[in-house]
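Quantities reported herein were computed from a predicted structural model and do not represent experimental measurements. In this chain, numbering begins with 1 at the start of the sequence shown.
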Amino acid sequence: MSEQSRGAGRIRGTGSRRRKPSRRHRAKVVAAWSVAGAVVVGGAGLAYAYVALDGNLSSVDIDARLGTDRPDDVADGSQDILVLGSDSRSGDNGKYGRDEGAARSDTAMVLHVDKGHKSASVVSIPRDTLIERPACESDTTGDEVPAEDRAMFNTAYEVGGPACAVKTVESMSGIRMDHYLEVDFTGFKKLIDELGGVEVTTETAIDDSRSHLDLEPGTHTLNGEESLGLVRTRKSVGDGSDLGRIQLQQAFVKALMDQTKSVGVFSSPKKLYGLADAATKAVTTDSGLGSVRKLTGFANGLKGLGAYDVHMVTLPVAYDPADPNRVLPQEEAGRQVWAALRQDRPIPASATEDSAGDKGDASKVVR
């Protein structure tokens, strides 16, 4: 095969800053959505646009769907947010794969903001983790979906939508989720383009035929399509598993946080409105964040967080001896992680030191 044919259809980073444009996995990347929201809706001067922007938002009443059989609501000022990236291939997302009729949570992060809102922890949950999925109500038929042992984590969203995903995380962690945020492929791309791209530095080359990303070592300003390619990259980094992709996603989230701090949106009402319009179209929230005013209040509590204030880990897992394409939670280590979040303290390094999720080298690919 010729060099020309091998390169056909690939996304190539240019290494130069792209011109400012006129918004999973894969996406759901996400903690980024919370931080992006802080930048997007933090300006009180957007009051005139609230009605229009409210019309962009989609929300789900998680509390009504789940009722009272949930962990206690701890009112100490800390917050726990489930951030999901949906891998739906419907509509504009169809270019990223075949639509099989149901979306799954391609990216899942639990964001814990401490009670002083000075630091945060993010726990990524591998989509291929085998768990005990609780019984859920189907969000399409209303019928009960029975509990299942050794179910992949991302099937919770598939069978019961956002409410079942929240219920599953609460069952795993013993922590009540205060809020829910979801973003899809198309919304993710448009949000990045409105930001003017995200600058990343690759330590090694990335050449991934599935995500169509081809980057040489060096510094690149990635547009929305290229950013989506990065967070979808899997086979060409680390051990080729979802665990390596999570490490790439976490590195990208930190780069995105840095970008939202430096982009200067508040100096331009037009740019601020464009970013707010893209962000509110990108996300689905719980009803507690289902208006621009509510989202503004939530975002204002996060705007002081920078990349160095956020500690990111992957839920401690080990490869399943029966299926190397699946992982199993390390129960004792996992209890340490969730206990740290419940007690509003940092996650101890010892909790993840033996995890398969921390042994790959994908974390060294992007900075």
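Environment of CD in Glu331: sparse, with no more than 12 heavy atoms of neighbouring residues, nucleotides or ligands closer than 6.0 Å. Residue-environment remark: CD (Glu203) exceeds the threshold of 12 foreign heavy atoms within 6.0 Å.
Between Ile175 and Trp338 the shortest heavy-atom distance is CD1-O, 3.6 Å. The two atoms that bring Val183 and Phe188 nearest to each other are CG2-N, 3.9 Å, heavy atoms only. Nearest heavy atoms, Tyr180 versus Val166: CD1-CG2, 3.8 Å. When all heavy atoms of Ala318 and Ala356 are compared, the pair lying nearest together is CA-CB, 4.3 Å. Residues Val317 and Pro126 approach most closely at CG1-CG, 4.3 Å, considering heavy atoms. In terms of heavy-atom proximity, Glu216 sits nearest to Thr202 at O-OG1, 2.8 Å.
At least one side-chain heavy atom of Leu256 sits less than 4.5 Å from a side-chain heavy atom of Ile192. In this structure, Leu130 and Met152 have side chains that are in contact, with non-hydrogen atoms separated by less than 4.5 Å. At a threshold of 4.5 Å between non-hydrogen side-chain atoms, the residues Val159 and Glu148 do not count as touching. No side-chain heavy atom of Glu182 sits less than 4.5 Å from a side-chain heavy atom of Val60. Side-chain contact check for Thr168 versus Tyr157: every heavy-atom pair is 4.5 Å or farther apart. Counting heavy atoms from C-beta outward, Val366 and Phe252 have side chains that stay 4.5 Å or more apart. Proximity of Leu230 to Ile206: side-chain heavy atoms (C-beta onward) are separated by under 4.5 Å at one or more points. Residues Arg245 and Arg127 meet the side-chain proximity criterion, which asks for heavy atoms closer than 4.5 Å.
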Let me see the working for Asp128 and Asn325 under side chain to side chain contact (heavy atoms under 4.5 Å, CB included), right down to the final yes or no.
CA-CA 7 Å; Asp128 298 332; Asn325 294 314; 5.9 Å; no

Working for side-chain hydrogen bond (donor to acceptor under 3.5 Å, both in side chains), residues Thr285 and Ser59
CA-CA 5 Å; Thr285 73; Ser59 63; 5.0 Å; no

Under the side chain to side chain contact (heavy atoms under 4.5 Å, CB included) rule, what do Leu295 and Leu53 come out as? Steps first, then yes or no, please.
CA-CA 11 Å; Leu295 200 55; Leu53 295 175; over 6 Å; no

Verify side chain to side chain contact (heavy atoms under 4.5 Å, CB included) between Leu328 and Arg150, making sure each step is shown before the conclusion.
CA-CA 9 Å; Leu328 299 170; Arg150 286 180 60 85; 4.0 Å; yes

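With rounding to the nearest 0.5 Å, the separation of CG in Asp309 from CG in Leu302 is 11.5 Å. One finds the OG1 atom of Thr314 at 5.0 Å from the CD1 atom of Ile246 (value rounded to the nearest 0.5 Å). Taking CG from Leu248 and CG from Leu243, the interatomic distance works out to 11.5 Å, rounded to the nearest 0.5 Å. Atom OG1 of residue Thr129 and atom CG of residue Asp242 lie 8.0 Å apart, to the nearest 0.5 angstrom. Summarising the geometry, atom CG belonging to Asp286 is positioned 11.5 Å from atom CE belonging to Met177; distances are rounded to the nearest 0.5 Å. Here the NE2-NE2 distance, from His311 to His112, works out to 13.0 Å after rounding to the nearest 0.5 Å.
The backbone N or O of Asp354 sits less than 3.5 Å from a side-chain atom of Gln330, completing a donor-acceptor pair. Without hydrogens or angle criteria, Glu225 side chain to Lys189 main chain gives no donor-acceptor distance under 3.5 Å. Listed for the Ser171 side chain is no donor-acceptor partner under 3.5 Å among the backbone atoms of Lys167. At least one donor-acceptor pair closer than 3.5 Å links the side chain of Asp54 to the backbone N or O of Val292. Under a 3.5 Å cut-off, the side chain of Asp178 and the backbone N or O of Asp80 do form a donor-acceptor pair. Here the side chain of Arg65 pairs a donor or acceptor atom with the backbone of Glu137 at under 3.5 angstrom. A donor-acceptor pair is defined here as one N or O able to donate and one able to accept, closer than 3.5 Å; no such pair exists between the side chain of Ser287 and the backbone of Gly290. Judged by distance alone, the side chain of Gln79 and the main-chain N or O of Val113 form no donor-acceptor pair under 3.5 Å.
For Thr140, the side-chain hydrogen bond (donor to acceptor under 3.5 Å, both in side chains) criterion is met by Ser138, not counting sequence neighbours. Residues passing the side-chain hydrogen bond (donor to acceptor under 3.5 Å, both in side chains) test with Thr352 are Asp358, sequence neighbours excluded.
There is a side-chain donor-acceptor pair under 3.5 Å between Ser124 and Gln250. Ser78 and Asp76 form a side-chain donor-acceptor contact under 3.5 Å, judged by distance and modelled atom types alone.
A salt bridge does not link Asp258 with Lys254: none of the charged nitrogens is closer than 4.0 Å to a carboxylate oxygen.
For residues 66-75, the side chain to side chain donor-acceptor pair (under 3.5 Å) pairs, not counting sequence neighbours, are Asp63-Arg70, Arg70-Glu170.
Cluster annotation: Leu66 and Ile131 are assigned to the same hydrophobic cluster (Ile/Leu/Val/Met/Phe/Trp/Tyr, side-chain heavy-atom contacts under 4.5 Å, transitive).
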